[in-house]
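What follows is one structure encoded as structure tokens, with my remarks underneath.
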Amino acid sequence: FYVSTLPRSLKMWGFISYLNSPELVASFQRCCGLVPRETCSYGSRNGLVHSNGSDAFLCVQEHPGPHYEVRNWLFYFLFLTSATLGHEVFYITFLPCIHWNLDPFLCRRLVNVWAVVMYIGQVMKDILKLPRPPSPPVVKLETRVDAEYGMPSTHAMAATAISFTLLLSAQERVKFPFELGLIVAVVLSALVCLSRLYTGMHSALDVICGVVISAVIMAVSYPYWGTIDYLQLHNPLSPVVGVVLPLFLSYKYPELDHYSTTRGDTTVILACCSGCSVGYWVNERLGLTFDLAGPFPVTLPPLTLVALGLGVVRFLVGLGMLVLTRQTVRWASLRVLCRINGASVSDVEARRRKEIEVPYKFSTYVAIGLVNSILVNRVYVMMGLWDLGNSV
């Protein structure tokens, strides 16, 4: 009765606080079989008995290892695998693979939407400065991004944007059961979102806000996707804008009072988009885009063993070229920039300075974008992989 008589604004605020509570995240982790390994007392070997003060420190030394216990390995591997769908390894493999094995048009759409969504999400994190769930009570399975702020979840934003951009764009190009594609998009997005709770990196409110923000950006921009695509390919100023604007946004990224990986990660994303944008414009000028041939939507050929084998070979060759490009350009750009700024290449703190971090990461991933969009498919033609792959 008391709750029902509260003003609506207080009820809403209470609900929002509940969604943002670390106890909700900890409860979800426990339901999935991930429980904290509490500090033990003297003589205990299972690490599940409480202790305080210096005794706790001595016991942690006596029983080193993970600070958590996994009681459901299915959920553990499922959610840790889902969490990787928001990391660099996924982006540098999945997005190019769409280009190499399906349709460069789809890759172009995905990269454009992904870059916009991620930039907005990363900037919002460092403007709002809302913390991640504390540990304890939450068990944290990731450490690299723990210095970042929490609101909104960019994993949730990226998963939503990539899944539904691919769904909406693919229906224009290829024939497939839309209902099946919708189910796959919802399931993949949900797994990534839940993985952020399972790994203890975000509250439920962070994840929900990430999904909503991504959905709003897509809804607002969707009517203009075709126009943006046309200007990107045909406007003579496209390569200039494609380089200058992302570089400007990388340098003008919000400053923090401590180092965070958000600026570097945002620079990587913008640089990939920049390199791909210039590369697609160059392909259009050269008259060879490797896009699917219409009329659209086309019917894809059946997936045979030969087609699958060629796809695997194209993926491995392309990935090898991207990794080689990354290592080469990164090695060279770091040494040039460190010498210019009088810093040592082995000095981690120096490499985090904006005058070094932004240009070396931007140049590295612009090169990756250019190689992905221009060079890889032409290597396939030279190796006889592209024509064979499209004839199956």
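Along the sequence shown, the residues carry numbers beginning at 1. In this text the structure is predicted, and so the values were computed from the model without any measurement.
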* **Cluster link Ile162 to Ile213, ILVMFWY, side chain under 4.5 Å** => yes

* Return yes if some donor-acceptor pair links the side-chain N/O of Glu284 with the main-chain N/O of Thr289 below 3.5 Å, else return no. => no

* Got more than 12 heavy atoms from elsewhere within 6.0 Å of CZ, Arg285? -> yes

* **More than 12 heavy atoms from other groups under 6.0 Å of CG on Leu286** => yes

* To do: Give a yes or no answer on whether the side chain of His155 reaches the backbone of Val192 with a donor-acceptor pair at less than 3.5 Å.
  => no

* Asked: Any donor and acceptor pair, going by atom type alone, linking the side chain of Trp100 with main-chain N or O of Tyr380 inside 3.5 Å?
  -> no

* Linking I/L/V/M/F/W/Y whenever any side-chain heavy atoms sit under 4.5 Å apart, do Tyr119 and Met124 land together? -> no

* Return the minimal non-hydrogen interatomic distance between Pro137 and Ala26, and the atom names on each side. => O-CB, 3.7 Å

* To do: Please confirm whether His99 and Tyr280 have ring centers closer than 6.0 angstrom.
  => yes

* **Approximate separation, where rounding is to 0.5 Å, of Cys276 SG and Arg108 CZ** => 10.5 Å

* To do: Flag this pair as yes if the NZ/CZ of Arg173 is under 6.0 angstrom from the six-membered ring centre of Phe105 and inside a 45 degree cone about the axis; otherwise no.
  => yes

* To do: Examine distances only and state if a side-chain atom of Ser221 and a backbone atom of Ile217 form a donor-acceptor pair shorter than 3.5 Å.
  => yes

* To do: Evaluate the side-chain proximity of Leu322 to Pro96: yes if any heavy-atom separation is below 4.5 Å, no if none is.
  => yes

* **Separation of Thr325 OG1 from Leu375 CG (nearest 0.5 Å)** => 7.5 Å

* Do the non-hydrogen side-chain atoms of Thr165 and Trp225 ever get within less than 4.5 Å of each other? -> yes

* Structure fact -> Heavy-atom nearest pair, Ala204 first then Leu197, reads N-CD2, 3.6 Å

* Asked: Are the side chain of Arg196 and the backbone of Met201 linked by a donor-acceptor contact shorter than 3.5 Å?
  -> no

* **Min side-chain heavy-atom separation Val174-Asp103 under 4.5 Å** => no

* Spacing of CG belonging to Leu310 relative to CE belonging to Met383, to within rounding of 0.5 Å -> 10.5 Å

* Side-chain donor-acceptor contact under 3.5 Å, Asp126 with Tyr253 -> yes

* Nearest heavy atoms of Gly279 and Ser373, plus distance in Å -> CA-OG, 3.2 Å

* Determine whether Thr160 and Phe164 make a side-chain contact, defined as any pair of heavy atoms from C-beta on separated by less than 4.5 Å. => yes

* Would you mind reporting whether Leu80 and Tyr198 have side-chain heavy atoms less than 4.5 Å apart? => yes

* Does Thr81 offer a backbone N or O that forms a donor-acceptor pair with the side chain of Thr84 under 3.5 Å? -> yes

* **Mutual orientation of the aromatic rings belonging to Trp73 and Tyr76 [parallel < 30°, tilted 30-60°, perpendicular > 60°]** => perpendicular

* To do: Please check if Leu191 and Val70 belong to a single hydrophobic cluster, counting links between Ile, Leu, Val, Met, Phe, Trp and Tyr side chain heavy atoms closer than 4.5 Å.
  => yes

* Would you call Ser277 and Ser238 a side-chain contact if the rule is heavy atoms closer than 4.5 Å? -> yes

* To do: Starting from the C-alpha separation in whole Å, work towards a yes-or-no answer on side chain to side chain contact (heavy atoms under 4.5 Å, CB included) for Phe178 and Leu167.
  => CA-CA 8 Å; Phe178 183 82; Leu167 175 67; 3.8 Å; yes

* Asked: Out of curiosity, Leu166 CG to Leu102 CG, how far, rounded to the nearest 0.5 Å?
  -> 7.5 Å

* When you check the side-chain N and O atoms of Thr266 and Arg263, is any donor under 3.5 Å from an acceptor? -> no

* Asked: Tracing side-chain links under 4.5 Å among I, L, V, M, F, W and Y, which residues wind up in one group with Leu324?
  -> none

* Arg109 side, atom CZ; Ile98 side, atom CD1 - distance, nearest 0.5 Å -> 14.0 Å

* Asked: Okay, side chain of Thr199, backbone of Ser195: is any donor-acceptor separation there less than 3.5 Å?
  -> yes

* Does the pair Arg353/Glu357 count as a salt bridge with the N-to-O cut at 4.0 Å? -> no

* Asked: Would you say Asn341's side chain and Ala343's backbone share a donor-acceptor pair under 3.5 angstrom?
  -> no

* Pair Ser333-Thr364, side chain to side chain contact (heavy atoms under 4.5 Å, CB included): steps then yes or no -> CA-CA 8 Å; Ser333 60; Thr364 299; 3.7 Å; yes

* Structure fact -> Rounded to the nearest 0.5 angstrom, the CG-CG distance for Leu182 and Leu168 is 9.5 Å

* State whether the side chain of Ser203 and the backbone N or O of Ser21 hold a donor-acceptor pair below 3.5 Å, judged by distance alone. => no

* **Path from Val123 to Phe248 over hydrophobic side-chain contacts below 4.5 Å** => yes

* **Close side-chain approach of Cys32 and Asn72, heavy atoms under 4.5 Å** => no

* Given the rule that I, L, V, M, F, W and Y join up when any side-chain heavy atoms are under 4.5 Å apart, are Trp281 and Leu231 in one cluster? -> no

* To do: Please report the C-alpha distance between Val381 and Phe290 in whole Å, then the side-chain angles of each, then the deciding distance to 0.1 Å, and finally whether the side chain to side chain contact (heavy atoms under 4.5 Å, CB included) criterion is met.
  => CA-CA 10 Å; Val381 173; Phe290 300 96; 3.8 Å; yes

* Structure fact -> Result for side chain to side chain donor-acceptor pair (under 3.5 Å) between Lys125 and one of Asp206, Thr262, Thr154 points to Thr154

* **Heavy-atom check, side chain of Pro246 versus side chain of Phe362, under 4.5 Å** => yes

* Would you tell me whether Gln232 and Asn112 have side-chain atoms, one donor and one acceptor, within less than 3.5 Å of each other? => yes

* **Taking every non-hydrogen atom, the tightest pair across Val376 and Gly318** => CG1-CA, 3.9 Å

* Asked: Is there a donor-acceptor contact under 3.5 Å from the side chain of Arg351 to the main chain of Asp347?
  -> no

* Looking only at non-hydrogen atoms, find the nearest pair between Val345 and Leu334 and report the distance. => CG2-O, 4.4 Å

* Asked: Which heavy atom of Leu128 sits nearest a heavy atom of Met151, and at what distance?
  -> CD1-CG, 3.7 Å

* Test Glu172 against Phe296 for side chain to side chain contact (heavy atoms under 4.5 Å, CB included), laying out the working first. => CA-CA 7 Å; Glu172 303 175 18; Phe296 299 107; over 6 Å; no

